[in-house]
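Please read these numbers as outputs of a predicted model, since none were measured by experiment. Atom set for the values below is all heavy atoms of this structure, side chains included, hydrogens, waters and symmetry mates excluded. The first residue of the sequence shown is numbered 1, and numbering continues consecutively from there.
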Amino acid sequence: MHYSSHLILSLVLSLIVYWSGYAQEKPDWANGVPEGCTTITVGKMASFDGSVMTSHTDDSHRTRAWINIVPAERHGRRDKVTMYKREPDDSGPMPAYKHVPIGEIPQVRETYGYINTAYPCMNTEQLAIGESTFGGRESLISDKGLIDCQRLIQLMLERCTTAREAIKTGGELLKKYGWNDAGECLTIADTKEVWHMEIVGPGKGRVGAIWVAQRVPDDHVSVNANAARIQEIDLDNPDYFMASDNIFDMARDSMWWNQATGPFRFADAYAPESRESMAARRREWRVLSMMNPSLNLDPEARDYPFSVKPAEKVSLEKMIEIFKDYYEGTPYDMISHIKKVTEDGDTIPHPLASPFMPYDAYDLFDIHGGWGDLGERTIARWYTMYATITQSRDWLPNEIGGLVWLALDNVATSVYIPVYCSVTDLPGSYKYPGRKGFSRNSAWWAFNRLSTLASQRWNEMRYDVEKVMVPLQKKIFKSQVEAEKKAMNMGPKQTRDHLTRFTNEWGNKVVNEAWKLGDFLWTKYDEKF
């Protein structure tokens, strides 16, 4: 064999090893794109009560199941904060992540408290953040940086009070210490406005990041569903756009953008393959269409408007309706062909047809769709770990105004409880590490078991779930109004104690209901699944 042949073979083998190793580091990806998260944003003039909203479904096969409250803290002048890299961990009974320390950065003297979901969601100043992975070009990913997505969100919430401050602070930290992750979108809301910040790496072997941020107009809604969505930008309009100093350089130098042929488009330059993902585009179409059906958006289009004006003010009920959606009644309902003929000759949806069946069952039921052999990537997912809808409300004190609606596991079978940004603790079941195995001590397992059971005979069990969960959600909304009225007549400490009790009472109640409902399904449908 000639020397050149040896060199080529060596290069090929190296690439195979590299890509095999890299694929193993992306366990929440399928068919080459992220299976990850959906986030919807709502401007203050588009919401039902004037609140600014962001949201997040943590759709992951590995993310942790526990949640806790991190208090505000004072730090010493020499204190550091540890940075970690997430790596798959298959040493336990369930797939998980391990967080490997890779370095430290200086800590600030004072940090705000925050609700510590896997991707921290809101701090004590009503700053809220959602997240969705979009990947981007592989050549941009660098291991030289220290900051990944979860750590960047944490740093923003610990150090900032507004969305603009979070974007600027994040940009400065990434420039100095470097991005160590795939392409990500952060949806960042405060009491006045909400922004989308899309971030990619600086290129292999480099420290830094390339990022852009676009504000959602106050009377609009937007979405990110695992694809970059920011395209043309106008940096002469800082009220709506911000970007890193190197935003154009890499695109121009790598010939991903030719100035002579058209304007710069961030998504097309840095994450073009994400715009080809039907798993992402179908969700974009569905969210925007449910917000405003009169837009008549093309479900097969490559690109949709960054944001749209909703047909009516967006309520919490509307947000929950969207997050529960799996394309039922549309041409993209992947189980609509699974029917049963009754003894009376009527054709009905088959009881066993479920949008949440495991992938191994797709061949059995001949399920295909925009996601190929994985059918359709619906909004509601069976592998959601938790979901949040946040409200930042400028007419209320921070203790009351910052509100996270939190659901565990599959939103289609779950219920959202109110977690105020000022609470000092959560029920023990929410703090329990459920990924170590099934446990009655885990709030996540209560809802995970319920969802798994309901999926076995979805077209029958779903109605048993709705009979309990829909009235329960209405009761929670009603009680929230009364709790806030009482809180308005209290001092700050009394307010925190009152709202902590309120959050904990509802947390315990819904977990108990989930266990009871699961037991009921198991009993009622015994021998039928």
Side-chain angles (χ1 to χ4, degrees), residues 28 30 35-40 55-67 94-95 117-119 132 225-226 279 283 286-287 319-328 333-335 352-362 367 371 374-389 405-417 429-430 434-435 438 442-470 472-473 476 507 510-511 513-522 525 529:
D28 285 326
E35 286 191 289
C37 313
T38 305
T39 175
I40 301 169
S55 55
H56 179 208
T57 56
D58 181 15
D59 301 335
S60 170
H61 301 276
R62 292 177 176 268
T63 302
R64 62 177 168 86
W66 58 269
I67 301 165
M94 301 183 75
T117 38
Y119 295 80
S132 186
N226 300 131
R283 278 178 287 159
R286 186 60 169 161
V287 170
M319 292 285 278
I320 293 173
E321 176 192 357
I322 294 174
F323 279 118
K324 286 178 178 283
D325 187 74
Y326 50 87
Y327 308 152
E328 186 177 27
D333 183 342
M334 61 184 175
I335 60 169
L352 298 180
S354 171
F356 308 117
M357 66 181 69
Y359 294 148
D360 288 344
Y362 283 22
I367 292 175
W371 211 8
L374 298 183
E376 295 287 348
R377 201 308 191 178
T378 56
I379 300 170
R381 299 304 286 171
W382 51 269
Y383 52 80
T384 297
M385 292 300 299
Y386 69 88
T388 58
I389 301 171
W405 293 96
L406 173 69
L408 297 178
D409 204 70
N410 186 348
V411 175
T413 52
S414 194
V415 63
Y416 285 83
I417 65 165
S429 63
Y430 284 74
R435 301 298 285 186
F438 176 82
S442 166
W444 174 74
W445 267 113
F447 285 96
N448 178 265
R449 185 190 74 141
L450 171 61
S451 175
T452 302
L453 287 171
S455 180
Q456 306 309 303
R457 294 184 71 87
W458 178 252
N459 281 312
E460 291 179 346
M461 292 187 184
R462 60 186 286 192
Y463 300 108
D464 294 301
V465 174
E466 289 173 2
K467 188 176 180 180
V468 174
M469 292 304 186
V470 172
L472 183 61
Q473 189 70 76
I476 293 172
V510 301
V511 170
E513 286 294 333
W515 284 122
K516 285 169 54 181
L517 184 53
D519 290 346
F520 171 78
L521 294 180
W522 205 317
Y525 295 95
F529 64 90

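- A distance of 11.5 Å separates CH2 of Trp458 from CD of Gln456, quoted to the nearest 0.5 Å.
- Taking the ring pair (Phe, Tyr, Trp, His ring centres under 6.0 Å) definition, one finds that Tyr383 meets it with His61, sequence neighbours left out.
- Judged as a ring pair (Phe, Tyr, Trp, His ring centres under 6.0 Å), and not counting sequence neighbours, the contacts of Trp405 are Phe477.
- Residue Phe529 holds its CZ atom at 11.0 Å from OG of Ser455, rounded to the nearest 0.5 Å.
- In this structure, Thr413 and Phe356 have side chains that are not in contact, with every pair of non-hydrogen atoms separated by 4.5 Å or more.
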Which is it for Asn226 and Ser132 under the side chain to side chain donor-acceptor pair (under 3.5 Å) test, yes or no, and what are the steps along the way?
CA-CA 5 Å; Asn226 300 131; Ser132 186; 3.2 Å; yes

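- Residues that satisfy the side chain to side chain contact (heavy atoms under 4.5 Å, CB included) test with Val511, not counting sequence neighbours, are Ser429, Tyr430, Ala443, Ala446, Phe447, Trp515.
- Residues satisfying the ring pair (Phe, Tyr, Trp, His ring centres under 6.0 Å) test with Phe520, not counting sequence neighbours, are none.
- In this structure, Thr57 contributes its side chain and Asp59 its backbone to no donor-acceptor pair below 3.5 Å.
- Checked against salt bridge (charged side-chain N to carboxylate O under 4.0 Å, His left out), Lys467 has no partners two or more places apart in sequence or in another chain.
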Would Ile67 and Leu406 count as a side-chain contact (heavy atoms from CB on, under 4.5 Å) here? Give the steps.
CA-CA 10 Å; Ile67 301 165; Leu406 173 69; 3.9 Å; yes

Met357/Met334 under side-chain contact (heavy atoms from CB on, under 4.5 Å): CA gap, chis, key distance, verdict
CA-CA 11 Å; Met357 66 181 69; Met334 61 184 175; over 6 Å; no

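- With ring centers used as reference points, Tyr359 lies under 6.0 Å from Trp382.
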Show the numbers, then the answer: is there a side-chain contact (heavy atoms from CB on, under 4.5 Å) between Trp522 and Leu453?
CA-CA 7 Å; Trp522 205 317; Leu453 287 171; 3.9 Å; yes

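- Counting heavy atoms from C-beta outward, Val468 and Glu513 have side chains that approach closer than 4.5 Å.
- With a 4.5 Å cut-off on side-chain heavy atoms, Thr38 and Phe323 count as touching.
- Taking CD1 of Ile417 as the start and CG of Leu472 as the end, the distance is 10.5 Å to the nearest 0.5 Å.
- Looking at residues two or more places apart in sequence or on another chain, you find no side chain to side chain contact (heavy atoms under 4.5 Å, CB included) involving Pro358.
- Taking the charged nitrogens against the carboxylate oxygens, Lys324 and Glu321 have no contact shorter than 4.0 Å, which rules out a salt bridge.
- Interatomic distance, Arg381 CZ to Cys37 SG, rounded to the nearest 0.5 Å: 12.0 Å.
- Judged as a ring pair (Phe, Tyr, Trp, His ring centres under 6.0 Å), and not counting sequence neighbours, the contacts of Tyr386 are His56.
- The side-chain heavy atoms of Pro95 and Arg435, taken from C-beta on, include a pair separated by under 4.5 Å.
- Asp58 meets the salt bridge (charged side-chain N to carboxylate O under 4.0 Å, His left out) test with no other residue; sequence neighbours excluded.
- Closest approach of Arg377 and Tyr327 over heavy atoms only: O-OH, 3.0 Å.
- Taking Arg457 as the reference, Glu460 meet the salt bridge (charged side-chain N to carboxylate O under 4.0 Å, His left out) condition, with sequence neighbours excluded.
- For the atom pair Trp445 CH2 and Leu450 CG, the distance stands at 13.0 Å (nearest 0.5 Å).
- Residues meeting the side-chain hydrogen bond (donor to acceptor under 3.5 Å, both in side chains) test with Arg286, sequence neighbours left out: Asp325.
- Looking at every heavy atom in both residues, Thr378 comes nearest to Arg283 through O-CD, 3.9 Å.
- In terms of heavy-atom proximity, Gly434 sits nearest to Trp444 at O-CZ3, 4.2 Å.
- Looking at heavy atoms from C-beta onward, Val510 lies out of side-chain contact with Gln473 at the 4.5 angstrom threshold.
- Rounded to the nearest 0.5 Å, atoms CE (Met461) and OG (Ser354) are 10.0 Å apart.
- Side chain of Ser55 to main chain of Thr39: no donor-acceptor pair is present (N/O by atom type, distance under 3.5 Å, no hydrogens or angles).
- Every residue was checked against the salt bridge (charged side-chain N to carboxylate O under 4.0 Å, His left out) condition with Arg64, not counting sequence neighbours, and none meets it.
- For Asn448, the side-chain hydrogen bond (donor to acceptor under 3.5 Å, both in side chains) partners two or more places apart in sequence, or in a different chain, are Asp409.
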